[in-house]
Amino acid sequence: MINDYPQALTIAGTDSGGGAGIPADVKTMQMRGVYSAMVVVAVTAQNTLGVQDAFPMPEKLIDEQFASIASDLKIRACKTGMLADPIRVKAVVRNLKKYNLGPLIVDPVMVAKGGAKLLSDDAIAIVRNELLPLATLITPNIPEACELTGINIKDKTDIKRAAHELQKRGAKNILLKGGHAENSQKADDYVLFEDGNDMWLTAPRINTKNTHGTGDTISACITAEIAKGHSMEQAIMIGKTYVEQTIKEGIHVGHGHGPLNHWVKVKGDEIDDI
Ligand SMILES: Nc1ncnc2c1ncn2[C@@H]1O[C@H](COP(=O)(O)OP(=O)(O)OP(=O)(O)O)[C@@H](O)[C@H]1O
Ligand SMILES: Cc1ncc(CO)c(N)n1
């Protein structure tokens with residue numbers, strides 16, 4: 001018997017420690033029943049303690065990876081993660097416009113948990129002006145939403161305002177993640193849909209330092225669910241439940257901010273075979 005899994009693509013950076021970036025995306029998509037392909041935009045020397053070094057891929061090799069994938073695979077949804085600098089962001093935008101790779105989920109990764117920059121300051125405006133308008137969904141955390149909108153987010157009203165601003169700038173749907181809301185007992189995220197409807201996804205904050213790759217994991221899960229044919233709302237709900245469970249049922253790896261348990265099973269698995 002030959003099985004036919006939906007195919008999805010991650011366009012991002014590697015993490016030698018295996019917890020974030022492309023490894024987190026690939027593990028998540030695999031666990032969600034989706035075949036994953038990748039465009040490596042940058043390589044990082046990284047572990048649970050931080051990012052020790054990073055090297056961006058030559059532009060030509062980025063173009064070639066897109067060409068290899070587009071000429072052979074049938075990608076139903078794709079996501080972006082670490083995009084490094086202006087040259088790489090422009091290369092990714094150019095290729096996204098050239099090929100039909102399905103709905104685009106943009107995780108506008110800027111800074112790693114340890115503080116290392118994964119996107120240079122001079123690339124932020126290019127993400128805002130050129131990548132964001134291509135996004136079916138954008139998934140910023142609070143600091144990223146501040147950078148992209150210029151709004152100093154302090155409370156839930158600011159979160160809503162920032163999401164509307166991102167929509168005005170061209171992103172269709174917005175998931176504004178509250179994982180960075182310090183002093184909060186909650187890990188609440190705000191969702192603004194294309195049709196103007198909105199909702200809060202509420203969850204208790206889990207007290208753990210093992211949150212390496214949370215952003216990558218939720219955006220990869222949503223991408224996988226979209227590739228399977230789920231609606232944006234269903235995909236986001238499954239993504240939230242999956243990431244919460246991967247944090248809750250943690251694993252022991254490394255000595256710093258450990259990775260997530262991508263092996264978890266969540267409700268929704270039974271409707272995977274779309
Ligand atoms: N301690 C926690 N307990 C429960 N949920 C959490 C916790 N930390 C993050 N989350 C959830 O995980 C998801 C990712 O959010 P977060 O803000 O951490 O993303 P991020 O900063 O982009 O991650 P990354 O550091 O991987 O880039 C969100 O749904 C958020 O609410
Ligand atoms: C390569 C890479 N992408 C994304 C993140 C953010 O989790 C990270 N730490 N490293």
Side-chain angles (χ1 to χ4, degrees), residues 10-28 38-57 79-84 88 105-119 138-148 153 159 174-191 199-222 235-250 254 256-262:
T10 171
I11 304 154
T14 64
D15 168 3
S16 51
I22 287 177
D25 294 342
V26 167
K27 290 170 191 180
T28 301
M38 71 204 76
V39 168
V40 180
V41 174
V43 173
T44 73
Q46 186 175 175
N47 55 27
T48 65
L49 299 167
V51 179
Q52 288 80 44
D53 205 355
F55 187 78
M57 287 295 107
K79 67 155 278 190
T80 60
M82 173 187 180
L83 297 180
R88 273 24 81 167
I105 287 74
V106 171
D107 184 13
V109 171
M110 292 184 190
V111 181
K113 288 248 153 68
K117 276 196 179 160
L118 301 176
L119 183 74
I138 187 165
T139 64
N141 60 29
I142 289 175
E144 289 157 359
C146 291
E147 285 288 348
L148 290 171
I153 300 175
I159 287 182
I174 292 95
L175 168 62
L176 214 158
K177 300 170 295 186
H180 285 247
E182 299 296 335
N183 312 321
S184 170
Q185 296 304 307
K186 305 236 174 75
D188 294 354
D189 304 338
Y190 178 67
V191 187
M199 66 178 179
W200 283 95
L201 290 173
T202 58
R205 174 176 296 278
I206 301 155
N207 186 15
T208 173
K209 67 181 172 72
N210 296 339
T211 55
H212 184 52
T214 46
D216 313 274
T217 297
I218 192 169
S219 58
C221 182
I222 295 168
I236 291 174
M237 307 264 272
I238 296 170
K240 179 70 173 169
T241 310
Y242 180 71
V243 77
E244 189 182 357
Q245 221 48 38
T246 62
I247 304 171
K248 208 181 260 173
E249 298 180 28
H257 289 290
L260 310 176
N261 181 354
H262 287 107

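Atoms within a ligand are numbered from 1 in the order they appear, just like the ligands themselves. The first residue in the sequence is number 1, and the count goes up from there.
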Ligand 1 contact by A20, heavy-atom criterion under 4.0 angstrom: no
Residue G213 vicinity, atoms of ligand 1 by number, heavy atom under 4.0 Å: 26 (O)
Got I159 and D188 here, is their nearest side-chain heavy-atom distance under 4.5 Å? no
Any R205 heavy atom less than 4.0 Å to ligand 1: yes
Using heavy atoms and a threshold below 4.0 Å, how should the contact between I218 and ligand 1 be classified: side chain, backbone, both, or neither? side chain
Nearest protein heavy atom to atom 5 (C) of ligand 2, by residue and atom, and its distance? L118 CD1, 3.5 Å
Please determine whether a side-chain nitrogen of the Lys or Arg among D107 and K177 lies less than 4.0 Å from a carboxylate oxygen of the Asp or Glu. yes
Polar contacts were defined as any N/O atom of the residue lying under 3.5 Å from an N/O atom of the ligand; does this apply to Q46 and ligand 2? yes
Report the C-alpha separation of Q46 and V51 in whole Å, then their side-chain angles, then the decisive distance to 0.1 Å, and conclude whether the side-chain contact (heavy atoms from CB on, under 4.5 Å) test is met. CA-CA 4 Å; Q46 186 175 175; V51 179; 3.6 Å; yes
In terms of heavy-atom contacts, does CE of M110 have more than 12 from other residues, nucleotides or ligands at under 6.0 Å? yes
Hey, which atoms in ligand 2 end up nearer than 4.0 Å to a heavy atom of G13? 1 (C)
Sub-4.0 Å heavy-atom approach of H212 to ligand 2: yes
Would you say H212 and ligand 1 have an N/O pair spaced under 3.5 Å apart? no
Just verifying a value: how many Å separate I11 CD1 and M38 CE, rounded to the nearest 0.5 Å? 12.0 Å
Polar-atom distance check: D107 versus ligand 1, any N or O pair below 3.5 Å? no
Rounding to 0.5 Å, atoms CZ (R205) and CD (Q185) come to a distance of 8.0 Å
For N141 and ligand 1, does the shortest N/O to N/O distance drop below 3.5 Å? yes
Atom indices of ligand 2 within 4.0 angstrom of A112 heavy atoms, with elements: 9 (N)
Pair T139, K79 - check side-chain contact (heavy atoms from CB on, under 4.5 Å), show working. CA-CA 10 Å; T139 64; K79 67 155 278 190; over 6 Å; no
Counting heavy atoms only, which part of T14 comes closer than 4.0 Å to ligand 2: side chain, backbone, both or neither? backbone
Taking atom 24 (P) of ligand 1 as the point of reference, which of M82, K113, K177 owns the nearest heavy atom? K113
Contact check, I247 vs ligand 1, heavy-atom distance below 4.0 Å: yes
N/O separation below 3.5 Å, V243 to ligand 1: no
Derivation of the side-chain contact (heavy atoms from CB on, under 4.5 Å) call for D216 and D15: CA-CA 11 Å; D216 313 274; D15 168 3; over 6 Å; no
Rounded to the nearest 0.5 Å, the CG atom of L201 sits from the CG atom of L175 at a distance of 7.0 Å
Note the single closest protein heavy atom to atom 3 (N) of ligand 2, along with its residue, its atom name and the distance in Å. G21 CA, 3.5 Å
Do any nitrogen or oxygen atoms of T208 come within less than 3.5 Å of a nitrogen or oxygen of ligand 1? no
Does the side chain of I142 come within less than 4.5 Å of L176's, by heavy atoms? yes
Measure the spacing between OG1 of T246 and NE2 of H262 and express it to the nearest 0.5 Å. 5.5 Å
Just how far is it from atom CG of N261 to atom NZ of K248, taken to the nearest 0.5 Å? 12.5 Å
With heavy-atom distances below 4.0 Å as the criterion, list the atoms of ligand 2 near M82. 1 (C), 3 (N)
Test item: T214 and K113 side chains (from C-beta on) under 4.5 Å apart, heavy atoms: yes
Indicate, as side chain, backbone, both or neither, the part of P204 found under 4.0 angstrom from ligand 1 when only non-hydrogen atoms are considered. backbone
Measure the distance from atom 4 (C) of ligand 2 to every protein heavy atom, then report the residue, atom name and distance (to 0.1 Å) of the closest one. D216 OD1, 3.2 Å
Just go through A203, P143, A187, A24 and tell me whose heavy atom is the nearest to atom 5 (N) of ligand 1. A187
Check this for me - ligand 1, I206, N or O atoms closer than 3.5 angstrom, yes or no? yes
Distance check, rounded to the nearest 0.5 Å: T241 atom OG1 versus E244 atom CD? 7.0 Å
